[in-house]
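Only one structure is covered here, and it is reproduced in the block below.
Labels below follow one simple rule: chain letters A, B, ... track the order of the sequence lines, proteins then strands, and each chain is numbered from 1.
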Amino acid sequence: MNQLLRFIFYRVIVRLVVLVVLGLNVRHRQKLPENGPAILVANHNSHLDTMVLMTLLPPRLLSIAQPVAAVDYFLRNPLLAWFALKVVGILPIKRERENRDDDPLLPCYEALAKKQILIFFPEGSRGEPEKLSDFKGGIARLSEKFPEVPVIPILLHGLGKALPKGELLPVPFFCDVFVGDALFGTAGRTTFMRQLNQRMKQLAGEGTFAAWE
Amino acid sequence: MISLSVGNNVLWSLGGVYAILVIASLISLLLKKFRPERSFTELTQRIRSWWVMATIFTVAMVFSRNVSLVFFGFVSFLALKEYFSIIPTRRADRCVLFWAYLAIPFQYSWVYQESYGMFIIFIPVYIFLLLPLRMVIVGETKNFLHAVGVIHWGLMTLVFSISHLAYLIVLPATESSETGGAGLVLFLVFLTQLNDVAQYVWGKMLGKHKIIPKVSPNKTWQGFIGGVATTTLLSVLISGLLTPMSINMAIAAGLIISIAGFIGDVTISALKRDIGVKDSGSLLPGHGGILDRIDSLTYTAPLFFHFIYYFYY
């Protein structure tokens, strides 16, 4: 039942909105994973980010793909929680740790062990529209723990114009999705973060983006 | 049996379009076979995109008037979206852009109702006055004038101009021409697109003297004149099939379409050069975006429409 709901949501409703209202310009689609486990890492400006990334995956991977999202935001009321967990299919994690020994990323470890595909936004929350903020280190710890799992950097542009933080009304814009080469957490956390940030900047340099002030 | 809304002349002409596409595909196959050292990827992509566009256009034209109107409305929407995506916009204008998009269903509903008066003034008068008001309510004054101009130019070229194609569709058949609006649209779109190709081919073969080097360094006088001659000749040949025009009028229409098509083309080129992009998008492989394809139509559609409307309606 849930799988059916998810399928209708992503393959019909979201797909229609993403293709007609937005319109995507995808570069290097072949670099997306063909199987789990994998981690898709992207910059975060809009609720539409998750939707776009989910439609990029082939339908057979839909059931194993989970966007990692914050408990405090998405589980704040029962209706939103039902929608987020059952339809969108998020993997809820806590942004704050309660005890010093808690590891907020624990659910991610379990999911990767089950060969799931995670969608991860290392900026922590939706930042200023169309600005790339620095990535936080959680992704490096995750990748260090699972060095054989590919981390695929993806640059999104335009979605923060279409539906920025705090707005309800989506406005149509064509959006760019640039997929980068996979990274692996084999060389230590600092090196990994440097490589990841560098790869995102490199992807950003591939396009000419219209100013948005 | 599905009944088609267009006459035999239109169907025969559409058949002719496919015949040309078959020939083009054959030529590109022969080129690939006999000159394997050169890459024809872009040519192949271009021809493949032409097949897709011709098929969508055929479906949009033959079933019913309303399908055609929705189709042209959607073309306007895609083009406007592409335009708003490549130009610099202000964050404060998000809701203004939303209103601008809303003008599309209104504009095409005037066409549907055959309300010529509203069709012709809605964007140049009402939307022209309304959008600045909406911007004033938002209250951002920095770059206000620039934003007003940019948004309205997009609406005029991509919604107002393109909607003339839709109004051609609803023009009734006349005594001298039974094909009515569908024949006129096919005539206009076919000649406009053919003019682009003819100017390109003549330019490649004979091109020497640059016509407008600052905007479009590849355009030459030879290409331009060759295109005008080819298009005008074809206009005379097919006008009897699709339009009520006499030979003299067909010559005039051919000149209007070929010259205006060139101007539309270089106008969008100037826009792209200003922004610093080569193609306006990636919707049509080998061509670029939708703006790259309908650039000439933004000039030919209103000019041909008013030429026909003045003399025949």
[X] atom [atom1]: more than 12 heavy-atom contacts under 6.0 Å:
X      : atom1 : value
A/E148 : CD    : yes
A/F184 : CZ    : yes
B/F106 : CZ    : no
B/L133 : CG    : yes
A/F209 : CZ    : yes
A/F83  : CZ    : yes
B/F144 : CZ    : yes

Restricting to non-hydrogen atoms, name the atom on [X] and the atom on [Y] that form the minimum distance, rounded to 0.1 Å.
X      : Y      : value
B/F77  : A/V21  : CZ-O, 4.2 Å
A/A210 : B/P88  : CB-N, 4.0 Å
B/F84  : A/F173 : O-CE2, 3.5 Å

Using a heavy-atom cutoff of under 4.5 Å, enumerate the residues of residues 24-32 of chain A that contact chain B, numbered in order, or state 'none'.
A/N25
Which pairs count as salt bridge (charged side-chain N to carboxylate O under 4.0 Å, His left out) when at least one residue sits in residues 45-64 of chain B, sequence neighbours excluded?
B/E42-B/R46
A/K161 and B/R94, any side-chain heavy atoms less than 4.5 Å apart:
no
Side-chain heavy atoms of A/F174 within contact of B/S282, under 4.5 Å:
no
Under 3.5 Å donor-acceptor, B/Y101 side chain and A/P172 backbone:
yes
Any side-chain to backbone donor/acceptor pair from B/K81 onto A/L22? Under 3.5 Å, distance only.
yes
Answer with side chain, backbone, both or neither: which region of B/I275 has an atom nearer than 4.5 Å to a non-hydrogen atom of chain A?
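B/I275 has no heavy atom closer than 4.5 Å to chain A.
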Which bit of B/L283 is near chain A, if near means a heavy-atom gap under 4.5 Å: side chain, backbone, both or neither?
side chain
What pairs with B/D265 under salt bridge (Lys or Arg N to Asp or Glu O under 4.0 Å), at least two apart in sequence or on another chain?
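For B/D265 the salt bridge (Lys or Arg N to Asp or Glu O under 4.0 Å) partners, ignoring immediate neighbours, are B/K219.
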Tell me every residue that passes side chain to side chain contact (heavy atoms under 4.5 Å, CB included) with B/D279, counting only those two or more places apart in sequence or in another chain.
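With neighbours one apart ignored, the set is B/D292.
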